[in-house]
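Below, all heavy atoms of this structure are taken into account, side chains as well, without hydrogens, waters or symmetry copies.
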Amino acid sequence: MKKIALTLTVLLGTLSASNATAFDGDAEAGKAKSATCAACHGPDGNAPVNIYPKIAGQHADYIYKQLKEFKLGMTSGGSEGRMEPVMSGMAMPLSDQDMKDLAAYFATLKMSAGTTPEDVIEVGQKLYRAGDAERGIPSCAACHGPRGNGTSLAKFPKISFQHPEYIKAQLEKFRDGSRNNDMNGMMGDIAKKLTDKDIEVLSKYLGGLH
């Protein structure tokens, strides 16, 4: 477990240093461009339908990265980036500045709070904070932080208060390889070690983590 923690610490430090650049998106311009996004993500960035992610309060760097990779997924025919039929199609006409502006705008909004069912708190907290050394599963908090807020510089997303259904779907995609745009394949490696029960518990636990 110490070896896993050390590796993650070194990686986080390296990523933070290499991404320490100013983000030049214009939030006001992004607001003017966000009308189409509201159909799925809601007018305030808090998706009313749980299969779509809340993007209000998400790190601008992370949103920008995902938009770029959705577009790349479409232009590469799914061989690169992140391919999602709806989002990849929506990202296609966006310029690089459009993506930065939208990312900057949604980052200024506030993500709505979620809840965590009582029956998953104990197990979920243990897995999130400590991982499972016997199975080679590192602590989620090592990258996403004790409160699930992630970190902008390393592009680790905020995952607290996210819809459990969306978290569950993404973990399953990382596990089966249908989503593989994670940094150095880190999430894919971890997700492959998670059981269906692990994913269910973590997804529900994160809903109310704060």
Side-chain angles (χ1 to χ4, degrees), residues 1-19 47 50-55 57-59 61-63 65-66 69 73 80-84 111 113-210:
M1 191 63 187
K2 288 182 179 179
K3 183 177 180 181
I4 294 173
L6 178 60
T7 300
L8 290 174
T9 300
V10 172
L11 177 60
L12 179 55
T14 302
L15 291 173
S16 296
S18 64
N19 287 285
N50 59 30
I51 61 171
Y52 301 122
K54 298 179 186 181
I55 54 176
Q58 186 57 269
H59 301 298
D61 290 285
Y62 183 76
I63 296 176
K65 176 181 185 289
Q66 298 309 307
E69 292 181 353
E80 297 180 75
R82 181 180 177 185
M83 182 63 182
E84 290 282 354
M111 189 177 289
T115 59
T116 297
E118 290 287 337
D119 62 339
V120 304
I121 292 177
E122 184 177 353
V123 178
Q125 180 173 276
K126 182 179 179 181
L127 189 56
Y128 182 83
R129 292 184 178 179
D132 187 327
E134 291 185 1
R135 291 189 287 156
I137 301 173
S139 156
C140 307
C143 292
H144 296 285
R147 296 185 178 184
N149 289 327
T151 175
S152 179
L153 291 177
K155 298 181 178 64
F156 294 140
K158 171 180 170 63
I159 54 176
S160 60
F161 291 168
Q162 188 57 264
H163 290 309
E165 293 81 2
Y166 179 75
I167 292 285
K168 178 176 182 290
Q170 298 311 302
L171 286 174
E172 290 174 343
K173 288 181 179 182
F174 278 125
R175 186 173 64 179
D176 66 23
S178 57
R179 178 177 175 183
N180 57 8
N181 71 324
D182 47 324
M183 196 75 71
N184 297 314
M186 186 188 304
M187 278 303 305
D189 290 342
I190 295 171
K192 287 180 175 65
K193 299 172 184 176
L194 298 176
T195 65
D196 288 344
K197 185 63 176 179
D198 291 333
I199 290 177
E200 180 183 359
V201 167
L202 281 172
S203 301
K204 290 180 178 179
Y205 175 72
L206 289 169
L209 180 62
H210 57 79

Check each of Lys155, Arg82, Glu84 against Gln66 using the side chain to side chain donor-acceptor pair (under 3.5 Å) test, and report the only one that passes.
Arg82
Can you see which heavy atom on [X] is nearest to which on [Y], and at what distance?
{"X": "Tyr52", "Y": "His163", "answer": "O-CD2, 3.1 Å"}
{"X": "Pro164", "Y": "Gly207", "answer": "CG-CA, 4.5 Å"}
{"X": "Ser203", "Y": "Leu171", "answer": "OG-CD1, 4.2 Å"}
{"X": "Ala141", "Y": "Arg129", "answer": "CB-CA, 4.4 Å"}
{"X": "Phe174", "Y": "Lys192", "answer": "O-NZ, 4.2 Å"}
{"X": "Phe161", "Y": "His210", "answer": "CZ-CB, 3.6 Å"}

Would you call Asp182-Lys173 a salt bridge at under 4.0 Å N-O?
no
Hey, is Arg135 close enough to Asp198 for a salt bridge, meaning N to O under 4.0 Å?
yes
What's the verdict on salt bridge (charged side-chain N to carboxylate O under 4.0 Å, His left out) for Glu200 and Lys204, showing C-alpha distance, side-chain angles and the deciding distance?
CA-CA 6 Å; Glu200 180 183 359; Lys204 290 180 178 179; 3.1 Å; yes
To the nearest 0.5 angstrom, please state how far the [atom1] atom of [X] sits from the [atom2] atom of [Y].
{"X": "Tyr128", "Y": "His144", "atom1": "OH", "atom2": "NE2", "answer": "6.5 Å"}
{"X": "Lys197", "Y": "Ile199", "atom1": "NZ", "atom2": "CD1", "answer": "12.5 Å"}
{"X": "Tyr166", "Y": "Leu206", "atom1": "OH", "atom2": "CG", "answer": "13.0 Å"}
{"X": "Ile159", "Y": "Gln170", "atom1": "CD1", "atom2": "CD", "answer": "12.0 Å"}
{"X": "Asp132", "Y": "Leu194", "atom1": "CG", "atom2": "CG", "answer": "9.5 Å"}
{"X": "Gln162", "Y": "Asn50", "atom1": "CD", "atom2": "CG", "answer": "10.0 Å"}

Show the numbers, then the answer: is there a side chain to side chain contact (heavy atoms under 4.5 Å, CB included) between Asp196 and Arg175?
CA-CA 10 Å; Asp196 288 344; Arg175 186 173 64 179; 2.6 Å; yes
Within the distance-only criterion (no hydrogens, no angle test), does the side chain of Thr116 pair as donor or acceptor with the backbone N or O of Ile121 below 3.5 angstrom?
no
Is it true that, when you exclude Lys126 itself, more than 12 heavy atoms of the residues, nucleotides or ligands shown sit nearer than 6.0 Å to its NZ?
no
Looking at Lys168, I'd like to know if its NZ atom is crowded, meaning that more than 12 non-hydrogen atoms belonging to other residues, nucleotides or ligands lie closer than 6.0 Å.
no
Determine, step by step, whether Leu127 and Cys140 satisfy the side chain to side chain contact (heavy atoms under 4.5 Å, CB included) criterion, reporting the C-alpha distance in whole Å, the side-chain angles of both residues, the deciding distance to 0.1 Å, and the verdict.
CA-CA 8 Å; Leu127 189 56; Cys140 307; 5.5 Å; no
Set of residues satisfying side chain to side chain donor-acceptor pair (under 3.5 Å) with respect to Asp189, sequence neighbours excluded:
none
Residue among His59, Met187, Met186 satisfying side-chain contact (heavy atoms from CB on, under 4.5 Å) with Phe156
Met186
